[in-house]
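This report concerns only the one structure given below.
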Amino acid sequence: MQTPSVHRAGIEVPPTAGLPLRWRDLLPGGPADLEAWLAAWLRVPALQLECSGTACLIVALRTLAARSPRKTVVLPAYTCPLVALAVHHCGLRMRLCDLAPDHFDFDPGALESACDDDTLAIVVTHLAGRVADVEFARRCAEKCGAALIEDAAQALGARRAGQSVGLDGDIGFFSLAAGKGLSIFEGGLLVARDPALRRALQATSDRVVGRHLGWELRRCLELMGYAALYGPRGMRLAYGRPQRAALRAGDPVRAAGDDFSFDIPVHRVGAWRRAVGAKAARRLPAFLDQATGRAAQRLARLQSLPGVTVLQDRPGEQGVWPFFMLVLPDADTRARALERLWGTGLGVGPLFVHTLPDYDYLRPIVPDAPLPHARDFAARTLSVTNSHWLDEELFGAVCHALESALR
Ligand SMILES: *Cc1c(COP(=O)(O)O)cnc(C)c1O
């Protein structure tokens, strides 16, 4: 199953282009201005640091729920399972909305009919670094009196019309989890345009997020491990080996890292991790620019694969490129491509294995619904890393394997 060149080199290319840490980042001292520095770079009014993107969503939902008797949150049917777990954590209901054909955006008709006078919020998602259609979701939210939350967990640095994503809705959040661009192993940033809402988000955080020495210590150790192992050799041990074990065991959900715990830690981020992030953040703009340059070169080759569509920016959008999202002609072709490439160390796999209702472990909390486009999207897409460790030769190997799956 392994592609010879990778096997020979004994490496593992990470599935996303995450910013590698340097040892200097871990040394004490230096500016501890993570949120302020990123806010200035993104030109957003302020950022609020939480312990994960999921924790950001929890703070956002709790803030909205405290102001409204409404109880339903509308989610895209194909997204990170943590989003559903956050809604459940807050004691709210979720309603899943189907996607537009061959896209991660909401299906407009489905979104309109998903909204009613119990809709507390709509979560619109900037998946894979691409910019979502926030305009339409905002009109739906306004019409039914709901708030709009922008899930930009995968899109730190993405812009539309020169402005950072996250400000068109009421609340936005970014993730600083391992492998998501800038990482402090687990972290998240909240953003909101309206100053009163920003104060309310901070007040919720002050009220519900406490210190937890055990969790923070664990995250500090994990961040050191991440700094040491995030690279083509370390990832083989930390990521590739357990992934291949899960694939051999016939457990794609675990192999994709989609098997999250219902127990979501919510705690303060400590000063050391914040300072590590602040130092690494200085390198993020140049790192994202390089990733964009690499993406521009590789898009043409991927797009020329017969029958393959690569999700790209629409006019006025400047997304980020942690990986490429490919839509293959049909589910069988996608299955063949995964058979050839998933688990070979080349950074190719499904982004999420299923739509939310199709994860067994989520069945108790996620309502089923007819979601033909989302299920089709889940079965036909795969992600190809845009990590700089995927050099030209390895990228060629990926394209070659895809071509043979497409034949
Ligand atoms: C990762 C992710 C989240 C959750 O962010 P964490 O920082 O991992 O908690 C939410 N939404 C999407 C689309 C994600 O990819």
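Not measured: the values here are computed from a predicted model. Indexing begins at 1, ligand by ligand and atom by atom, following the structure's order.
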Judged by atom type as modelled, is there a donor-acceptor pair below 3.5 Å linking the side chain of Arg273 to the main-chain atoms of Gly187? no

Ser52 heavy atoms within 4.0 Å reach ligand 1 at atoms 7 (O), 9 (O)

Angle between ring planes, Phe324 versus Phe395, binned at 30° and 60°: parallel, tilted or perpendicular? tilted

Please examine the side chains of Gln312 and Met325, heavy atoms only from C-beta on, and report whether any two atoms are closer than 4.5 Å. no

Closest to atom 15 (O) of ligand 1 among protein heavy atoms sits Gln154 NE2, 2.8 Å

Of all protein heavy atoms, the one nearest atom 4 (C) of ligand 1 is Thr54 OG1, 3.6 Å

Kindly confirm or rule out a cation-pi arrangement of Arg282 over Trp41, judged by NZ or CZ under 6.0 Å from the six-membered ring centre and within 45° of its axis? no

Taking CZ in Arg301 as the centre, count heavy atoms belonging to other residues, nucleotides or ligands within less than 6.0 Å. Is the count above 12?
yes

Residue, atom and distance of the protein heavy atom nearest atom 2 (C) of ligand 1 read Lys180 NZ, 2.5 Å

Value for NE2 (His103) from CG (Leu127), rounded to nearest 0.5 Å, stands at 9.5 Å

Ligand 1 atoms nearer than 4.0 angstrom to some heavy atom of Leu82 are 4 (C), 8 (O), 9 (O)

Near Ala177 (heavy-atom distance under 4.0 Å), the atoms of ligand 1 are 7 (O), 8 (O)

Numbered in order shown, the ligand 1 atoms found under 4.0 Å of a heavy atom of Val83 are 10 (C), 11 (N)

Nearest non-hydrogen protein atom to atom 6 (P) of ligand 1, with distance, is Gly53 N, 3.4 Å

Ligand 1 to Thr79, heavy atom cutoff 4.0 Å, flagged ligand atoms 13 (C)

Centroid-to-centroid, His88 to Phe262, below 6.0 Å?
yes

(request) Please indicate whether any nitrogen or oxygen in Cys80 is less than 3.5 Å from any nitrogen or oxygen in ligand 1. (result) no

Atoms of ligand 1 under 4.0 Å from any heavy atom of Ala153, numbered from 1 in the order shown, are 2 (C), 3 (C), 10 (C), 11 (N), 12 (C), 14 (C)

Indicate yes or no: does an N/O atom of Ser175 lie under 3.5 Å from an N/O atom of ligand 1? yes

Looking at ligand 1, would Gly187 count as a contact under a 4.0 Å heavy-atom criterion? yes

* To do: Examine Tyr78 together with Phe352 and report whether their ring centres are nearer than 6.0 Å.
  => yes

Worksheet item: Do Asp118 and Arg93 meet the salt-bridge criterion of a basic N to acidic O distance under 4.0 Å?
Response: yes

protein heavy-atom neighbour closest to atom 11 (N) of ligand 1 works out as Asp151 OD2, 2.6 Å

